[in-house]
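Take a look at the structure below.
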Amino acid sequence: MTTTFPDVTISTERLVLRPFEEEDVTALAEMMNDENITAWTSAPYPYTQAHAHAWATRDSHAERTEGRGIVLAVTEFLTQRLVGIVHLRNTNWRTRATEVGYVTAPWARGEGYASESVLAVAQWLFREQGFERLELRTAADNTASQQVAQKIGCISEGVLRNAWTVRTQTTDGGWTDTRTDLIVWSLLPEDLDEGDGFDGYDGYESYDTYGGQGGHGAHPGHTFPGQRSDANGHPVGADRK
């Protein structure tokens, strides 16, 4: 049984989703220091060039090679600028189920990029990889994240009470952890069949597999909890560790 995803790039009308490269380090560090991403994820803050280099060159690739999931850098097709991240994680190969997390760069918010990229990954996951379930978990107050889940056709399944922590900015400019509920969402293959695409968007246009990328150990602490970035740019998603 296959226990790793292929090294893949996925193209949509506006976006290219591909593995991270060393050239992404500067843009990644800038994106991850955004206060909305700090608030809704557990990524390190401040997010340094060293964090970004480890993620772009080693840790993101280890997610795939070690069988946990796959990390894709989301870039604009025309400009090649880094738009965000889509991260499949907590993959169960026996049940063919996985969880998605995503973030969007501040400059790219409001364009529907999060919805477009996550929908394209979902279609690839179900149609090309034979998966049966995609799960998202959104912080209870992250309404923008919840709107993205709804936009791509996810069904709300319930609430995990007091299951996560988000960050709240203090008066002195620091951050403090606050407990929150998580809303569980799911997307199944038949959900896409019933309502394929959104706002006239039909999903991914093509995908290509790369050659092997070589795996490395994961970097502790660089994970994106509850990390969901939506079409309006607020982090969204299910990376919680």
Side-chain angles (χ1 to χ4, degrees), residues 12 15 17 28 31-43 45 47 69 71-74 82-90 97-123 125 133-169 175-188 191-192 195 197-199 201 203 222-241:
T12 73
L15 303 172
L17 287 70
L28 177 62
M31 176 179 73
M32 295 304 296
N33 277 301
D34 173 68
E35 64 181 19
N36 281 319
I37 293 177
T38 300
W40 295 111
T41 81
S42 64
Y45 182 84
Y47 195 93
V71 177
L72 296 169
V74 182
L82 182 66
V83 167
I85 304 170
V86 174
H87 183 179
L88 298 183
R89 45 160 284 134
N90 290 338
T98 191
E99 185 180 335
V100 66
Y102 39 105
V103 294
T104 301
W107 68 268
R109 295 169 183 168
E111 300 295 330
Y113 285 149
S115 300
E116 182 173 331
S117 58
V118 174
L119 180 62
V121 170
Q123 291 173 327
L125 185 72
R133 176 181 170 87
L134 181 64
E135 184 173 303
L136 299 82
R137 299 185 179 190
T138 64
D141 292 333
N142 195 343
T143 55
S145 167
Q146 294 156 26
Q147 290 169 1
V148 168
Q150 293 169 335
K151 191 173 184 180
I152 65 173
C154 293
I155 303 300
S156 176
E157 295 184 333
V159 176
L160 298 176
R161 297 184 300 161
N162 209 34
W164 186 241
T165 58
V166 296
R167 292 176 178 138
T168 303
Q169 199 156 25
W175 295 88
T176 185
D177 287 344
T178 304
R179 302 293 304 190
T180 187
D181 297 343
L182 285 176
I183 301 174
V184 179
W185 306 80
S186 68
L187 191 68
L188 306 182
D191 298 329
L192 291 186
F198 62 90
D199 293 344
Y201 169 65
H222 187 147
T223 50
F224 305 119
Q227 149 190 325
R228 305 150 163 70
S229 277
D230 66 332
N232 296 316
H234 298 288
V236 128
D239 288 11
R240 315 181 304 288
K241 83 177 162 175

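Throughout, residue positions are numbered sequentially from 1 according to the sequence presented.
- A distance of 4.5 Å separates CZ in Arg179 from CG in Asn162, rounded to the nearest 0.5 Å.
- Between Leu192 and Gln123, some side-chain heavy-atom pair lies under the 4.5 Å cut-off.
- A pairwise comparison of heavy atoms in Met31 and Thr104 identifies SD-C, 4.2 Å as the closest pair.
- A heavy-atom distance below 4.5 Å is not found between the side chains of Trp185 and Ser145.
- Heavy atoms only, all atoms of each residue included: Val74 and Val86 are closest at CG2-CG2, 3.8 Å.
- Using a 4.5 Å heavy-atom threshold, the side chains of Asp177 and Val166 count as separate.
- Gln150 places no side-chain N or O within 3.5 Å of a backbone atom of Ser156 that could act as its donor or acceptor partner.
- In this structure, Arg167 contributes its side chain and Thr41 its backbone to a donor-acceptor pair below 3.5 Å.
- Considering all non-hydrogen atoms of both residues, Ala163 and Leu182 come closest at CB-CD1, 4.2 Å.
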Under the criterion side chain to side chain contact (heavy atoms under 4.5 Å, CB included), I'd like the reasoning laid out for Met32 against Tyr45: C-alpha separation, chi angles, the key distance, then a yes or no.
CA-CA 8 Å; Met32 295 304 296; Tyr45 182 84; over 6 Å; no

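- Glu135 and Ser186 share no side-chain donor-acceptor pair at under 3.5 Å.
- A 4.5 Å side-chain heavy-atom check between Leu136 and Val184 finds every atom pair outside the cut-off.
- The pair Arg109-Asp34 counts as a salt bridge, with a side-chain nitrogen and a carboxylate oxygen less than 4.0 angstrom apart.
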Side chain to side chain contact (heavy atoms under 4.5 Å, CB included) assessment of Val118 paired with Val148
CA-CA 9 Å; Val118 174; Val148 168; 5.6 Å; no

Evaluation steps, side chain to side chain contact (heavy atoms under 4.5 Å, CB included), between Leu160 and Asp181:
CA-CA 6 Å; Leu160 298 176; Asp181 297 343; over 6 Å; no

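- Using a 3.5 Å distance cut-off with no hydrogens or angles, the side chains of Thr178 and Thr168 do pair a donor with an acceptor.
- Taking the side chain as every heavy atom from C-beta outward, Leu88 and Val121 approach each other to under 4.5 Å.
- Atoms CG and OG1, from Leu119 and Thr12 in turn, are 9.5 Å apart once rounded to the nearest 0.5 Å.
- Taken from OG in Ser115 to CD1 in Ile152, the straight-line distance is 6.5 Å, to the nearest 0.5 Å.
- Annotation: the span from Glu111 atom CD to Leu15 atom CG amounts to 10.5 Å, rounded to 0.5 Å.
- A distance of 9.0 Å separates CH2 of Trp40 from OG1 of Thr138, quoted to the nearest 0.5 Å.
- With values rounded to the nearest 0.5 angstrom, Thr180 atom OG1 is found 8.5 Å from Ile183 atom CD1.
- Considering all non-hydrogen atoms of both residues, Ala149 and Tyr102 come closest at N-OH, 4.5 Å.
- With hydrogens and angles ignored, the 3.5 Å screen pairs a side-chain donor or acceptor of Ser117 with a backbone N or O of Ala114.
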Worked verdict on Leu28 versus Tyr47 for side chain to side chain contact (heavy atoms under 4.5 Å, CB included)
CA-CA 9 Å; Leu28 177 62; Tyr47 195 93; 4.0 Å; yes

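- Donor-acceptor pairing under 3.5 Å is lacking for the side chains of Trp175 and Thr38.
- Here Glu35 pairs with nothing under the salt bridge (Lys or Arg N to Asp or Glu O under 4.0 Å) rule; sequence neighbours left out.
- The minimum heavy-atom distance between Glu99 and Leu134, with the atom names listed, is C-CD1, 4.2 Å.
- Between the side chain of Asp191 and the backbone N or O of Leu188 there is at least one donor-acceptor pair closer than 3.5 Å.
- Under a cut-off of 6.0 angstrom, the local environment of CZ in Arg161 is sparse, with at most 12 non-hydrogen atoms contributed by other residues, nucleotides or ligands.
- Nearest approach of Leu187 to Cys154, heavy atoms of both residues: CD1-N, 3.8 Å.
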